[in-house]
Amino acid sequence: MKSEPAEFGIDDLAASPDQTTHWDGVRNYQARNMMRDRMRVGDRVFFYHSNAEPPGIVGIAEVVWEAYPDHTAFDPQDKHHDPRSDPAKPRWFMVDVRLVRKLARLIPLSELKAQPALAELALLRRGNRLSIMPVTPDQWAAILAMETPPA
DNA sequence: GCCAACGTTGGC
DNA sequence: GCCAACGTTGGC
């Protein structure tokens, strides 16, 4: 899951009550479907800092509540207001995620790109702009192995 | 700040 | 259903 640290970074998650947040504001159908159809309680996710210097993976979080309507879509005052989302038939959903831990270091995008085991990582697909993407178990392990940099 | 990539919108 | 225009994302 990507987030801009200037908006909501890993330290904001760490400072949240119960170190938990609603992943609100997703207004992309593929990302929505990922949350609604694929994410289940107990699933783990990498927390990625986009639009950051450097961009990269900074932590691990866990799904603690499955998809439910994103109420920010109903709020005319909200930045992500979407009048097409009807409370009786919500268009947008969110999940709750809780911090598991910050990584020992930020794993930069540049290193992810250089890792052969991650050649198929959705995050690295050309022109990718999705804010939520799947990670396979093998990819997960390969990324975690990068947490400790080579001596 | 630039700009490639790509999703969405809306006229037809 | 097509597709041009437009807006957004996000690395650089």
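In what follows, chains are A, B, ... by sequence order, proteins preceding strands, each numbered from 1.
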What integer distance in Å separates E4(A):CD from dT8(C):C1'? 11 Å
OP1 or OP2 of dG10(C) versus the side-chain N and O atoms of K2(A): is any pair under 4.0 Å? yes
Rounding to an integer number of Å, can you tell me how far I132(A) CD1 sits from dT9(C) P? 13 Å
R38(A) bridged to D43(A) by N-O distance under 4.0 Å: no
Would you mind reading off the distance between M133(A) atom CE and dG7(B) atom P, rounded to a whole angstrom? 13 Å
Write down the distance between CG (N51(A)) and P (dA5(B)), rounded to a whole number of angstrom. 18 Å
Nucleotide nearest R84(A) when distance is taken to its side chain, options dT8(B), dG7(B), dG11(C): dT8(B)
L123(A) CG - dG11(C) P separation (whole Å): 8 Å
The nucleotide from dG7(B), dT9(B), dC12(C) with an atom nearest the side chain of N28(A) is dG7(B)
In whole angstrom, what separates L121(A)'s CG from dG11(C)'s P? 13 Å
Measure the distance from NE2 on H80(A) to P on dG7(C) and round it to the nearest whole Å. 18 Å
Hey, does the side chain of Q19(A) reach the backbone of A14(A) with a donor-acceptor pair shorter than 3.5 angstrom? yes
Nearest-Å distance, CG (N128(A)) to P (dG10(C))? 8 Å
For a 4.5 angstrom cut-off between non-hydrogen side-chain atoms, does M133(A) reach K2(A)? yes
Is there a side-chain polar atom (N or O) of R129(A) under 4.0 Å from OP1 or OP2 of dT8(B)? no
If the cut-off is 4.0 Å, is K79(A) near the phosphate of dT8(C), judged by side-chain N/O to OP1 or OP2? no
Give me the atom names and distance for the closest heavy-atom approach of M94(A) to W23(A). CB-O, 3.1 Å
With a 4.0 Å limit, can you tell me whether Y29(A) has a side-chain N or O closer than that to the phosphate oxygens OP1/OP2 of dC6(B)? no
So do the side chains of L109(A) and L123(A) get within less than 4.5 Å of each other, counting heavy atoms only? yes
